[in-house]
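Only one structure is covered here, and it is reproduced in the block below.
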Amino acid sequence: MSRAFGDTACAGVLQEPEYSEILCQPSDEYYAIIASDGVWEFIDYDQAVELTAKKLRLKGPRETVRFLVDASRKRWAYCCGDYCDDI
């Protein structure tokens, strides 16, 4: 989150990025999921890949993004009722 870079006043905002290094071969398929904290609150990296990998191949990026947003909203509703952070 760019708004957190160097911001020590934001309690609860991590200033250290979370990343994974994955070795890829030229024949591998790869993609990036860039999302706000509202998505990452209840869906971790492995779950996001599991939810999107097959759908991306079959339905394309637009429907895959809609699916990930809907999955995130359902988790917010389950955990927090009507409140939902930015997604």
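Heavy-atom basis, side chains included; hydrogens, waters and symmetry copies ignored.
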Checklist entry - So which heavy atom on Gly38 is nearest to which on Ser72, and how close? => result O-OG, 3.2 Å
Next on the checklist: Under the rule for side-chain contact (heavy atoms from CB on, under 4.5 Å), what residues qualify as partners of Glu29, not counting sequence neighbours?
Outcome noted: Arg57
Checklist entry - For residues 23-62, which residue pairs qualify under ring pair (Phe, Tyr, Trp, His ring centres under 6.0 Å), counting only residues two or more places apart or in two chains? => result Phe42-Trp76
Item to check | side-chain contact (heavy atoms from CB on, under 4.5 Å) assessment of Ile43 paired with Leu68 | outcome: CA-CA 9 Å; Ile43 298 176; Leu68 187 59; 4.1 Å; yes
Item to check | For Lys59, side-chain contact (heavy atoms from CB on, under 4.5 Å) partners two or more places apart | outcome: Lys55, Glu63
Next on the checklist: For Asp44, give me all partners under side-chain contact (heavy atoms from CB on, under 4.5 Å), at least two apart in sequence or on another chain.
Outcome noted: Asp46, Gln47
Checklist entry - For residues 68-83, which residue pairs qualify under salt bridge (charged side-chain N to carboxylate O under 4.0 Å, His left out), counting only residues two or more places apart or in two chains? => result Arg66-Asp70
Item to check | Ile33 side, atom CD1; Thr64 side, atom OG1 - distance, nearest 0.5 Å | outcome: 9.5 Å
Next on the checklist: Nearest 0.5 Å, please: how far is CZ in Phe67 from OG1 in Thr52?
Outcome noted: 9.0 Å
Checklist entry - Which residues pass the side-chain contact (heavy atoms from CB on, under 4.5 Å) test with Val65, sequence neighbours left out? => result Val69
Next on the checklist: Could you check whether any side-chain heavy atom of Val39 comes within less than 4.5 Å of a side-chain heavy atom of Asp86, counting everything from C-beta outward?
Outcome noted: no
